[in-house]
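In what follows, a single structure is set out as structure tokens and then discussed.
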2 protein chains.
Amino acid sequence: MTDINFSRGAAHPDSHGNAGTSPAPREMRWDIIELLFFAYRDFVGDADHELEAFGFGRAHHRVMHFVYRYPGLKVADLLDVLRITKQSLGRVLKQLLDEGYIIQKTGNNDRRQRLLYATPKGEALVAKLAGLQTDRITRALRDINPDGVAAIGQFLRAMIDRDDPDKVLEAIFGTGSKKPRE
Amino acid sequence: MTDINFSRGAAHPDSHGNAGTSPAPREMRWDIIELLFFAYRDFVGDADHELEAFGFGRAHHRVMHFVYRYPGLKVADLLDVLRITKQSLGRVLKQLLDEGYIIQKTGNNDRRQRLLYATPKGEALVAKLAGLQTDRITRALRDINPDGVAAIGQFLRAMIDRDDPDKVLEAIFGTGSKKPRE
DNA sequence: AATTTATGTCAGTCATGTTGACATATCTTG
DNA sequence: CAAGATATGTCAACATGACTGACATAAATT
């Protein structure tokens, strides 16, 4: 067994040798910063593992997820949500179309648009991955009372940038530009 | 302005056409799943933006962060925490050493070990990035009472895998196998 | 002395992001 | 209607940060 070079209390002391010109000691939320790192790592890890079996990566998951959740999403909307370039999106989207996880329909009003929909095959994949993540979330919320759960939702919402919200965010909050009213 | 193809209520209805043989409709935590996605995206986005100025990426940030926070971390520990290969770590670590953000010291007991420490330059970088993230967290927690904040911590902790915890996780929780004591 | 461990490094590959340029179909506007 | 703007797709080149596999060195352990 390797020796333990830092024990329970060995994290870097916050107030250092702050002698003289330093720009004032800040109170950092190291706890939340690190918890978010580990929590998110394990949260997406659930899906990552399963995706390997399909020969897909995280990028495919994100596309499938939002297409399933917001049927009729346009390519442009997806680009806003994922914040990647159309070339990046194009690659994974093409695979998902070719392999029958997503279908495109031409827009009714605007025939240039390609509206995206999950096929049953795609829905099954999203459901499987969301099931794993839901299991983890349900487990994590098990011993937390309704007020606590509400606080968690409020916190996560407040962590999100509200300037220039994309269509999905507008759906999650209640149609942009208004101030968040919790 | 492009037309809105899904409005506030247009998210995929959970109970589909569940006629017959489907494997039972699950209650999915779409809310938390999506909030985690957006919250984490914007949370790391703060640092990403700043890192560009240094010519560094997220990988550098993660290394710097944990080296600063847990001084004397061994290379092997870092590999456990980040869950990447030593080849991947080697690349970014080499840059951080070459550019004077991190220094190595030979282990006292075991002279094969390279114990890692942040230099003042490294500490400044970590502090800058943690400051941005702390700002966001503080803002998000502003209107949440102490019980709510406790619930958020409990939730994030419970989201993390506790089997095979690395040394940093042992420090965050209270040395493996025991239950977390808030 | 032999083996294991901790670390470093070379070489090649893959996934996913980026820019820039350009093509096509379709809608909008003067 | 002709001209321009918009939505999408695609080609090519490149960067980052993962990966595997192989191998080298120094130091500890057996």
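Just so it is clear: chains get the letters A, B, ... in the order the sequence lines come, proteins before strands, and each one is counted from 1.
Note: Tyr101(A) and Phe54(A) have perpendicular aromatic rings, judged against thresholds of 30 and 60 degrees for the angle between ring planes.
Backbone-only contact: Gln104(B) has heavy atoms under 4.0 Å from sugar-phosphate atoms and none from a base. Residue Gly90(A) is classed as having no contact, given no heavy-atom separation below 4.0 Å to the nucleic acid. Within 4.0 Å (heavy atoms only), Arg58(B) reaches sugar-phosphate atoms of the nucleic acid but no base atom.
The separation between Leu82(A) atom CG and dG17(C) atom P is 8 Å, rounded to whole Å. Going from atom CG of Asp80(A) over to atom C1' of dT8(D) covers 14 Å, rounded to whole Å. Between the CG atom of Leu96(A) and the C1' atom of dG9(D) there is a distance of 16 Å, given to the nearest Å. In this structure, Phe56(A) atom CZ and dC14(C) atom C1' are separated by 16 Å, rounded to whole Å. Separating the CZ atom of Arg112(A) from the P atom of dA7(D) is a distance of 6 Å, rounded to the nearest angstrom. Separating the CG atom of Asp110(A) from the P atom of dT8(D) is a distance of 8 Å, rounded to the nearest angstrom. One interatomic measurement links the two molecules: CG of Leu51(B) to P of dG17(D), which rounds to 9 Å at whole-angstrom precision. Here the P atom of nucleotide dA6(C) and the CG atom of Leu73(B) are 14 Å apart, to the nearest Å.
Using a cut-off of 4.0 Å between Lys/Arg side-chain N and Asp/Glu carboxylate O, Asp135(A) and Arg139(A) are scored as not salt-bridged.
Residue side chain Gln87(B) does not reach the base of dG17(D) through any donor-acceptor N/O pair under 3.5 Å, judged by distance alone. For Arg91(A) against dG17(C), a side-chain-to-base donor-acceptor contact under 3.5 Å is present.
Nearest nucleotide to the Arg111(B) side chain, out of dT10(D), dT7(C), dA27(D): dA27(D). The side chain of Val75(B) approaches dG8(C) more closely than any other nucleotide in the set dG17(D), dT16(C), dG8(C).
Mapping Arg62(A) and Asn108(A) onto DNA chain C by nearest heavy atom places Arg62(A) at the nucleotide closer to the 5' end. Comparing Ile84(A) and Lys86(B), the nucleotide of DNA chain C nearest to each residue sits closer to the 5' end for Lys86(B).
At the phosphate of dT26(C), neither OP1 nor OP2 sits under 4.0 Å from any side-chain N or O atom of Arg114(A). In terms of phosphate contacts, Thr85(A) brings a side-chain nitrogen or oxygen within less than 4.0 Å of OP1 or OP2 of dT18(C). Residue Ser88(B) places at least one side-chain N or O closer than 4.0 Å to OP1 or OP2 of dC19(D).
For the residue pair Glu50(A)/His61(A), the side-chain donor-acceptor check at 3.5 Å is not satisfied.
Cluster annotation: Leu132(A) is not connected to Tyr40(A) through the hydrophobic network of ILVMFWY side chains, with a link wherever side-chain heavy atoms come within less than 4.5 Å.
Geometrically, Arg136(B) does not engage Phe43(B) in a cation-pi contact defined by less than 6.0 Å to the ring centre and at most 45° from the axis.
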